[in-house]
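Position 1 is the first residue of the sequence; numbering continues from there. Everything numeric here is computed off the predicted structure, so don't read it as measured data.
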Amino acid sequence: MEYRILGKTGLKISHMGFGGIPIQRIDAAGTAQLMRWLSEKGVNYIDTARGYTVSEEYLGQALEGIREKFVIATKSMARTKEAMAADIDISLRNLRTDYIDLYQIHNATPADVEKIIAPGGALEALQEAKAAGKIGHIGITAHSAKTFELALEMDWVETVMFPYNIVETQGQELIRKCAEKNIGFIAMKPLAGGAIEDATLALRFLCANEDVTVVIPGMAEIKEAEQNLAAVENTSPLTQEELASMDAIRKDLGTHFCRRCNYCAPCTAGISIPAVFLMEGYLSRYGLADWAKARYEGMEKTASDCIECGVCETRCPYQLPIREMMKSVAQKFGK
């Protein structure tokens, strides 16, 4: 297993980590079996979140007795000091530990960042928890390139998590800047939310970029972990055949795949278009229908609110047929 230093945190972590979203598809016993296997193989980085329903809880049970072998990262959607402090304590209880190595602000928009760093914002709770030894380091996760840019200018940010894969390369220059600033970069959505079927090729692409500190494919079964680990441990240069396959994937998905660049915003009807497509991905490709539906129904505006003005399509750099895609999403969710 190859290990990397996670930026200014100084944490030594495996080049491949564990993405905890799919734990929602299995049970506590299956989670424990998977954690033991990962421990034996030297995989020591775990990513989960408050929003992943049972993920923290199952991991807490699974890591009893082997907690010291892992670097645990979790995250919260809380934006205020009070809410973040409460979430940190819940995470500690769920994970059955007295410290969490990395606590991240989950899916922050540029507007969220203003709230987070303002007096009474979530950052105050994170900094107090860090001073108290409840958490070791502070990071941020985002789907917005603007948030990524803002994060690079904030001294308290020790890690950034952002989508990066064969078809989503909009953050590539910012990833390079991460390395220059010694900020750990965590590549999420390595398979583009399941849209890329060839996991080995997807991970080979990511690992070819030296600026990627850790990749965190979601895994629910040992056979998935075996395949992913083999891909990450293959450090040979990408072949011409592999590069050609990547180009084919880009061409195939490019006609109907949202890269969450947010250039389509603002929506005339107030819909968060990338968020709608993100939930559709969880519904269709991750096998997390109930979770995706709950989050989708909690959105202020959904796909059915589209007025088909088409303004978003004039802004989309990938010429996506957003109006037709919105109709499809509304039909799938029934709303």
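- In this structure, F148 and F185 have parallel ring planes: the angle between them is below the 30° cut-off, well short of the 60° mark.
- Counted by atom type alone, Y103 and T74 present zero donor-acceptor pairs between their side chains at under 3.5 Å.
- In this structure, P217 and V215 have side chains that are in contact, with non-hydrogen atoms separated by less than 4.5 Å.
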**Intermediate values then yes/no, ring pair (Phe, Tyr, Trp, His ring centres under 6.0 Å), Y58 and Y52** = CA-CA 11 Å; Y58 283 2; Y52 299 165; over 10 Å; no
**Intermediate values then yes/no, salt bridge (charged side-chain N to carboxylate O under 4.0 Å, His left out), K293 and D290** = CA-CA 5 Å; K293 287 177 180 177; D290 292 342; 5.4 Å; no
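- A distance-only check finds no donor-acceptor pair linking the side chain of Y296 to the backbone of A275 [under 3.5 Å].
- Of all heavy-atom pairs spanning L92 and D98, the tightest one is CD2-C, 3.8 Å.
- At least one donor-acceptor pair under 3.5 Å links the side chain of R79 to the backbone N or O of M77.
- Under the 3.5 Å distance criterion, the side-chain polar atoms of Q331 are left unmatched by any main-chain donor or acceptor of K327.
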**Request:** Apply side-chain contact (heavy atoms from CB on, under 4.5 Å) to the pair C264 and I322, showing each step before the final yes or no.
**Result:** CA-CA 9 Å; C264 56; I322 295 174; 4.2 Å; yes
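- L34 and A225 get closest at one heavy-atom pair: CD1-CB, 4.3 Å.
- By the 6.0 Å contact criterion, CD on E241 is open, its count of non-hydrogen atoms from other residues, nucleotides or ligands being 12 or less.
- Put simply, the side chain of S284 never gets that close to the backbone of G281: no donor and acceptor are under 3.5 Å apart.
- Side-chain atoms of N44 come within 3.5 Å of backbone N or O of S14 as a donor-acceptor pair.
- Between the side chain of E224 and the backbone N or O of A220, at least one donor-acceptor pair lies under 3.5 Å.
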**Request:** List the steps and the verdict of side-chain contact (heavy atoms from CB on, under 4.5 Å) for I186 and Y45.
**Result:** CA-CA 11 Å; I186 304 159; Y45 185 83; 3.3 Å; yes
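- The backbone N or O of P266 sits less than 3.5 Å from a side-chain atom of R315, completing a donor-acceptor pair.
- Side-chain contact check for S272 versus C267: every heavy-atom pair is 4.5 Å or farther apart.
- One side chain, D112 or T109, offers a donor N or O that lies under 3.5 Å from an acceptor on the other.
- Salt-bridge check for E313 with R323: passed, with a basic side-chain N closer than 4.0 Å to an acidic carboxylate O.
- Counting non-hydrogen atoms of neighbouring residues, nucleotides and ligands closer than 6.0 angstrom, the NZ atom of K12 reaches no more than 12 such neighbours.
- The hydrophobic clustering, which links ILVMFWY residues whose side-chain heavy atoms are closer than 4.5 Å, places V160 and L11 apart.
- For the pair A192 and F257, the tightest heavy-atom approach, listed with the atom from each and the gap, is CB-CZ, 3.4 Å.
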**Message:** As a quick check of understanding, evaluate side-chain contact (heavy atoms from CB on, under 4.5 Å) for K181 and E153, giving each step before the final call.
**Reply:** CA-CA 9 Å; K181 290 177 173 285; E153 301 305 320; 4.0 Å; yes
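- Both cation-pi conditions hold for R67 and Y99: the charged atom is under 6.0 angstrom from the six-membered ring centre and inside a 45 degree cone around its axis.
- Within 6.0 Å of the CD atom in E173, the count of heavy atoms belonging to other residues, nucleotides or ligands exceeds 12.
- The backbone N or O of Q170 lies less than 3.5 Å from no partner atom in the side chain of R259, so there is not a single donor-acceptor pair.
- No donor-acceptor contact under 3.5 angstrom links the side chains of N107 and T141, judged on distance only.
- In plain terms, the two heavy atoms of D47 and M161 that are nearest each other are OD1-CE, 3.1 Å.
- Screening Q104, K130, K8 for a side-chain hydrogen bond (donor to acceptor under 3.5 Å, both in side chains) with E158, the sole residue that qualifies is K130.
- Contact detail for I100 and I72: the closest heavy-atom pair is CG2-O, 3.6 Å.
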**Asked** Going through the checks in order, is the side-chain hydrogen bond (donor to acceptor under 3.5 Å, both in side chains) test met by T48 and E56?
**Response** CA-CA 6 Å; T48 182; E56 282 187 340; 5.3 Å; no
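- The two residues T268 and C309 make their nearest non-hydrogen contact at OG1-SG, 3.4 Å.
- Annotation: ring pair (Phe, Tyr, Trp, His ring centres under 6.0 Å) contacts of Y282 (sequence neighbours excluded): Y286, W291.
- With respect to the salt-bridge test (charged N to carboxylate O, under 4.0 angstrom), the residues E210 and R4 qualify.
- At distances below 3.5 Å, at least one donor-acceptor pair connects side-chain atoms of S91 with backbone N or O atoms of D87.
- In the displayed structure, E82 atom CD is contacted under 6.0 Å by at most 12 heavy atoms of other residues, nucleotides or ligands.
- For Q33 (side chain) and G30 (main-chain N/O), no donor-acceptor pair under 3.5 Å exists by modelled atom type.
- Taking 4.0 Å as the cut-off between side-chain N and carboxylate O, E128 and K134 do not count as a salt-bridged pair.
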